[in-house]
Structure formats: C-alpha cells, structure tokens
Amino acid sequence: MLYVTFFLAGKMSPIENSVKTTKTTTRQKICILGSTGSIGVSTLDVISRHPDKFSVECLTAYSKVDEILKQCQQFKPKSVVMVNQDAATQLMAKLVLANLEEIEVSSGEQALVDAAQAEAIDTVMAAIVGFAGLMPTLAAIKASKKVLLANKEALVTSGQIFIDALKNSNAQLLPIDSEHNAIFQCLPHTEQQRLGFCQLSDAGVSKILLTGSGGPFRTLPVNELENVSPEQACAHPNWDMGRKISVDSATMMNKGLEFIEAKWLFNLQPDDIKIVLHPQSTIHSMVQYRDGSVIAQMGDPDMRTPIAHALAFPQRIDSGVAPLDFFNTTAFEFESVDFVKYPNLKLAIDACYLGQAACTALNAANEIAVAAFLDKQIKFTEIAKINETSMNKFVSEKVISIDDVVNLDKQVRNFASSLITDSQ
Ligand code: NAD
Ligand code: MG
C-alpha cells in the first residue's frame with residue numbers, strides 16, 4: 001500500500017482534547033474525508049458560517065488539486081491528504097506559490113486512515129464515496145471520534161463489524177444521510193443516545209418509513225429505461241449530488257443501500273422498514289408509532305440541514321437553508337414502489353435478508369457497474385443484471401472479519417469487471 005508523507009515545514013499542533021472532553025467553548029476540530037465532493041463542499045459551507053464553533057484541521061480528497069487548493073486558502077487546515085500521489089506533488093507546489101507551505105501534505109490510503117484517527121481531531125465527516133471510505137471511517141470509530149456518517153457504503157459493506165467497533169469505542173455516531181438524519185430527529189432522546197443499539201419497539205415505534213423521490217425516471221415507461229444516458233441519470237429532480245449516488249438514486253439502489261444502512265443504525269429487522277415514494281422530497285423520512293402517531297422531519301432538500309444538525313448536535317445552528325415555504329409548496333404525494341422499474345432496490349432488500357456477504361457483494365458489483373455505465377460501457381438496465389449475477393455468486397461467502405470484507409469486495413469487483421468485459 002502506497003504511503004508517502006511530505007513534511008514541508010512546521011509540526012502538528014499540540015495534542016488537543018478529544019471530543020469526550022471538549023468544553024463547549026472549545027472549537028470542534030474537524031477532519032473532512034472527501035472535502036471536494038458534494039457533501040464535503042456543503043460541510044465547508046456550514047462550517048464557514050460558524051468560525052467560532054468549528055475549525056478545519058484536515059481536508060482529504062482523491063485528486064482534485066485546484067478545488068482543494070481553494071479550500072486550503074479559505075480554511076487554512078493544518079494538513080491535507082491527497083490519495084493520488086501525483087496530485088499530492090502538484091498540490092505541494094501550488095501551496096508554496098500560495099504561501100501556504102506550512103500545510104502538511106501526505107498521500108496514499110494509509111494517510112487517510114492516519115488522518116481520521118489523529119489525536120488532534122474531534123470530529124470526522126465521513127464523506128468519501130464508496131468502499132474507499134470504509135477503512136478511514138472505521139479508524140475514526142475505533143479512535144473514539146465524533147463520526148458524521150455520509151458514506152453509507154462503509155456501513156453497508158461491514159455491518160456488524162462496524163457496529164461492534166462502535167460498541168467497543170467511545171465514538172459518537174451521527175447520521176448525515178438525509179433519511180437517517182430525519183429518522184434520528186423523529187426518535188426519542190433515549191434512542192438517539194444509543195444509535196447502533198436502539199430498541200425501537202421499547203420506544204413504541206411500529207415502523208420506520210423511509211422516503212425516496214423515485215429519481216429522474218419515476219414517470220418514464222420501463223421499456224425506455226434501457227437507453228437513458230449518464231447525463232439523464234445524473235439529473236436528479238430534487239438533490240444535487242455526486243455522480244455515483246445520482247445513478248444510485250436513478251436505479252433506486254441508493255434507497256436499497258439506505259434500507260441496509262437503516263437496519264444497522266437503528267438495530268432493526270428488515271420487516272421493520274417500509275419504503276414510501278414521495279416525489280417532492282420535502283419529507284425526509286418518518287417514524288410511525290404504535291399509538292397511530294407518525295412523526296416526519298421536513299425541509300427543503302438541501303444536505304446542509306442534516307450536516308448542520310449533526311455538527312452542532314444537540315444544539316441547532318444556522319445552516320444557510322431557507323425555511324420551508326408552505327404556501328409555495330406543491331401537494332405532498334405518496335406512492336408505493338414498483339420493483340419491476342427498480343430491480344436494484346429489490347436486490348438490496350433481498351441482500352438485507354440474506355446477510356453480510358450478499359450486502360458486501362452487491363455493493364462491490366454496483367460500484368463497478370455504475371462506473372461502467374457512467375463510462376458508457378454498459379446500458380442503464382445492465383447495472384441490475386451485473387449486480388444480481390454477482391450477488392448470487394458470492395452470497396454464501398463467509399464474512400466475519402474486516403479482512404473477509406476486503407477480500408470479498410476485491411473478488412466481486414474482479415468478477416463484475418469480467419462480466420462487463422465479456423459483454424463488450
Ligand atoms: P462525490 O463524488 O461528490 O465526492 C466524493 C469525495 O470522495 C470526493 O472528495 C473525492 O475526492 C473522494 N474520493 C473519491 N474516491 C476516493 C478514493 N478512492 N479515496 C479517497 N477519497 C476518494 O460524492 P458525494 O455525493 O459527496 O457522496 C459522498 C458520500 O456521501 C457517498 O457515500 C454518498 O452515498 C453519501 N451521501 C451523499 C449525499 C449527497 O447529497 N451528495 C446525500 C447522502 C449521502
Ligand atoms: Mg439519502
């Protein structure tokens with residue numbers, strides 16, 4: 001594994017108190033994993049509104065040099081990780097020209113893990129896309145950080161292993177995914193205090209209602225899905241997101257990954273979760289209670305709301321999101337899901353019943369298939385075929401340790417890639 005560190009000047013700041021001992025007057029010291037992405041940029045936007053509350057200590061990205069340079073100029077972090085080594089070298093040169101040579105730059109996957117568990121950090125925003133986020137996110141949990149979880153693939157692919165790491169640490173986990181953040185907000189305080197080990201039936205909950213917009217193809221006839229383009233798939237009607245999650249929203253694999261994510265975050269059985277299509281995305285999810293009450297969390301579809309909520313929890317801070325304008329809001333619609341149109345969602349729900357190997361395999365195949373679709377190597381409708389064939393092949397694998405997860409992910413990627421090559 002590649003790991004190169006470039007010390008340009010200066011040293012790390014003195015070791016600071018961890019989140020467990022942070023006084024309210026101390027600024028939260030933040031590391032953003034994936035700072036150049038959609039969630040990363042929204043996180044920095046919220047942080048920029050509260051310089052008295054948060055300080056950006058570390059930024060990480062894969063290779064976008066100019067974007068991260070601008071972020072360095074604005075937020076002056078102590079360190080940056082560029083996973084790609086060439087990008088790290090380029091960034092160093094640009095930081096010197098910008099008189100920011102005191103910022104420490106490192107590269108490689110181990111550097112991401114080191115950044116996530118560094119003693120100087122209180123809070124880690126886990127916003128890398130895909131399986132690449134698993135190891136640094138787990139490292140942050142094991143190092144007892146406050147972890148803001150956007151990277152759903154980390155939890156989906158490691159499940160019980162992730163939750164056990166949470167149990168064995170003093171980490172505080174808070175959900176960023178808008179649906180899970182909404183559910184969290186609709187739960188009583190007792191359950192918010194034990195994310196990962198909730199006992200929702202004790203709290204009177206009868207169902208978790210996970211809402212989804214249905215994506216850009218909700219009204220498109222099924223027989224026209226075959227020829228949709230990556231640009232059409234990425235044009236989400238309500239949310240502005242990275243390209244991988246945008247395609248996942250169009251196939252509704254995103255809702256499937258969220259189904260599995262909800263199972264682990266709220267300690268549920270798959271039967272406890274129901275998916276409700278809500279095209280307007282104004283309600284971000286709901287909790288149904290035994291007495292007939294349904295509590296919903298609402299707002300404009302803007303990720304700065306859940307980000308601000310989790311950053312400041314249990315306080316409330318300004319996020320930059322305008323209040324919901326009820327008098328200019330269209331009627332709320334609700335529909336059930338058509339699994340013929342969204343076979344990936346059905347696969348993910350099946351995986352949730354089948355167990356960890358199915359979930360890990362489905363995620364790996366989906367990452368390969370979505371990348372191939374974005375690269376115009378396969379059709380939109382082939383994503384589900386590759387996912388199904390891969391999941392079925394690996395469903396009986398043993399997944400107990402994190403090494404098992406990593407090995408299975410690698411095997412499935414190779415297999416799914418071979419399916420794509422064979423179909424060319
Ligand atoms: P994005 O593609 O916009 O950004 C991804 C970030 O991860 C970038 O900073 C990129 O440099 C980094 N990255 C990519 N590959 C990497 C690798 N191999 N190693 C290290 N870093 C890498 O993605 P996004 O839309 O911001 O989504 C990030 C995560 O948050 C995903 O797991 C997604 O499911 C989740 N999420 C996103 C939204 C949203 O509105 N965008 C909403 C809910 C959940
Ligand atoms: Mg979501």
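Order of listing sets the numbers, starting from 1, for every ligand and every atom in it. In what follows, residues are counted from 1 in the order of the sequence shown.
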- Show your reasoning for whether salt bridge (charged side-chain N to carboxylate O under 4.0 Å, His left out) applies to E258 and K255. CA-CA 5 Å; E258 290 179 356; K255 208 51 54 190; 2.6 Å; yes

[Y] versus [X], side-chain donor and acceptor atoms under 3.5 Å:
{"X": "Q90", "Y": "D86", "result": "no"}
{"X": "Q411", "Y": "N407", "result": "no"}
{"X": "S107", "Y": "Q85", "result": "no"}
{"X": "T360", "Y": "Q356", "result": "yes"}
{"X": "Q269", "Y": "D271", "result": "no"}

- Around ligand 1, what residues show up once you keep those with a heavy atom under 4.0 Å from it? G34, S35, T36, G37, S38, I39, A61, Y62, V83, L112, A127, I128, V129, A132, A150, N151, K152, E153, D177, M241, G242, I245, M303

- Query: Only one of R218, H278, H236 clears side-chain hydrogen bond (donor to acceptor under 3.5 Å, both in side chains) with S213; which?
  - Reply: H236

- Message: Listing by chain and number, which protein N, O or S atoms are under 2.8 Å from the Mg ion (ligand 2)?
- Response: D177 OD1, E179 OE1, E258 OE2

- Side chains of T251 and Y342 in contact at under 4.5 Å (non-hydrogen atoms): no

- Task: Test N84 against S63 for side chain to side chain donor-acceptor pair (under 3.5 Å), laying out the working first.
- Result: CA-CA 6 Å; N84 178 279; S63 63; 5.8 Å; no

